[in-house]
Amino acid sequence: MDDIKKGLFITFEGIDGCGKTTQLELLDKYLRKKGYKTIQTLEPGGSDIGKSLREILLHHKGYVSDICELFLYLADRAQHFETVILKNKNEGNMVLCDRHIDSTVAYQGFGRMGDIEKIDFLNNLATKNQKPDLTLLFDVDIETGQKRVGKEKDRLEKESLEFHKRVKEGYLKLAQKYPERIKVINANLGIDEVFLQVQKIIDDIL
Ligand SMILES: Nc1ncnc2c1ncn2[C@@H]1O[C@H](COP(=O)(O)OP(=O)(O)OP(=O)(O)O)[C@@H](O)[C@H]1O
Ligand SMILES: [Mg+2]
């Protein structure tokens with residue numbers, strides 16, 4: 001199919017410790033074996049400017065206002081989308097991206113109880129109204145995810161249990177709203193069993 005030769009933009013979403021990075025690497029290997037060209041990237045921090053923004057977003061020690069946080073994520077996304085995601089997709093690469101628009105809706109929207117409609121508007125501004133071709137949502141129990149992450153927590157990982165519950169539920173609401181794009185994966189299982197679910201979804205698309 002011509003479309004696939006243009007590359008697909010696939011995002012990996014879910015709460016901390018759900019297995020996004022692990023599964024992204026497994027899918028990367030799987031796609032390369034099949035002969036696809038791939039790139040791995042992430043938000044925040046997938047562009048030149050983004051690296052500095054990531055440092056602030058994850059490790060700033062002082063107070064960060066909710067709106068400041070939102071705009072930093074969106075600044076990161078705007079630069080990353082144009083200079084990395086779109087560029088690679090247009091060159092025919094499969095773009096595998098760890099977190100993207102749905103993280104902002106889930107964390108800054110549902111988690112921090114921000115205005116979802118405004119966040120949608122801003123996400124659209126950052127991505128020129130374009131959406132991922134596919135989003136894999138790794139749904140894991142909060143306790144299981146937290147155990148996997150361990151003790152070294154970043155600024156957002158240190159948030160309360162209630163915050164993480166809202167984020168998890170927010171993600172599931174997004175999946176209900178966009179069932180064509182967002183596929184929910186049971187991420188409580190072992191790494192191989194989780195990847196089998198990913199593989200099935202990908203095989204259906206390719
Ligand atoms: N299905 C699984 N079962 C058990 N352990 C897992 C599973 N998936 C990942 N892990 C382990 O849990 C830890 C966190 O996984 P990973 O880094 O992939 O999660 P993540 O979603 O990328 O987390 P973060 O949001 O913090 O970046 C890693 O040590 C990984 O090896
Ligand atoms: Mg990760």
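Order of appearance sets the numbers: ligands from 1, and atoms from 1 within every ligand. Side-chain atoms are counted along with the backbone in the values below, which use heavy atoms only and exclude waters and symmetry mates.
- Side-chain contact check for Ile101 versus Thr127: some heavy-atom pair is nearer than 4.5 Å.
- With hydrogens and angles ignored, the 3.5 Å screen pairs no side-chain donor or acceptor of Gln108 with any backbone N or O of Asp66.
- Partners of Asp154 by side-chain hydrogen bond (donor to acceptor under 3.5 Å, both in side chains), not counting sequence neighbours: none found.
- Pairs of residues two or more places apart, or lying in two chains, that qualify as side chain to side chain donor-acceptor pair (under 3.5 Å) and include a residue from residues 189-203 are Tyr30-Asp203.
- Looking at Lys168, Arg99, Lys158, Arg148 one by one, the single match for salt bridge (charged side-chain N to carboxylate O under 4.0 Å, His left out) with Asp16 turns out to be Arg99.
- Here the side chains of Lys128 and Leu86 are in contact, with some heavy-atom distance below 4.5 Å.
- No donor-acceptor pair closer than 3.5 Å links the side chain of Glu43 to the backbone N or O of Tyr73.
- Remark: minimum distance from atom 5 (N) of ligand 1 to any protein heavy atom is reached at Arg148 NE, 3.6 Å.
- Among protein heavy atoms, atom 23 (O) of ligand 1 sits closest to Gly17 N, 3.1 Å.
- Close approach to Gly190 involves these atoms of ligand 1, each under 4.0 Å from a residue heavy atom: 1 (N).
- Remark: the backbone N or O of Val84 is paired with a side-chain donor or acceptor of Asn88 at under 3.5 angstrom.
- Given atom 7 (C) of ligand 1, the protein heavy atom at minimum distance is Ile191 CG1, 3.3 Å.
- Heavy atoms of Gly14 come nearer than 4.0 angstrom to ligand 1 in no pair at all.
- Regarding atom 25 (O) of ligand 1, its nearest protein heavy-atom neighbour is Lys20 NZ, 2.8 Å.
- For atom 19 (O) of ligand 1, the closest non-hydrogen atom of the protein is Gly19 N, 3.2 Å.
- Looking only at side-chain heavy atoms (C-beta outward), Leu136 and Ile10 come within less than 4.5 Å of each other.
- The minimum heavy-atom distance between Val198 and Ile185, with the atom names listed, is CG2-CD1, 3.7 Å.
- For atom 30 (C) of ligand 1, the nearest protein heavy atom (residue, atom name, distance) is Thr22 OG1, 3.7 Å.
- Among all non-hydrogen protein atoms, the one lying nearest atom 26 (O) of ligand 1 is Glu157 OE2, 3.1 Å.
- Under the 4.5 Å side-chain contact rule for hydrophobic residues, Phe81 and Ile49 do not share a cluster.
- The part of Arg99 lying near ligand 1 is the side chain, judged by heavy-atom distances below 4.0 Å.
- Ligand 1 places these atoms under 4.0 Å from at least one heavy atom of Leu189: 1 (N), 2 (C), 3 (N).
- For the Mg ion (ligand 2), the set of protein N/O/S atoms nearer than 2.8 Å consists of Thr21 OG1, ordered by chain and number.
- Take Lys153 and apply the side-chain hydrogen bond (donor to acceptor under 3.5 Å, both in side chains) test, not counting sequence neighbours, and it matches Gln146.
- In this structure, atom 22 (O) of ligand 1 lies nearest to the protein heavy atom Thr21 OG1, 2.7 Å.
- Under the 4.0 Å distance rule, the nearest protein heavy atom to atom 2 (C) of ligand 1 falls inside the cut-off.
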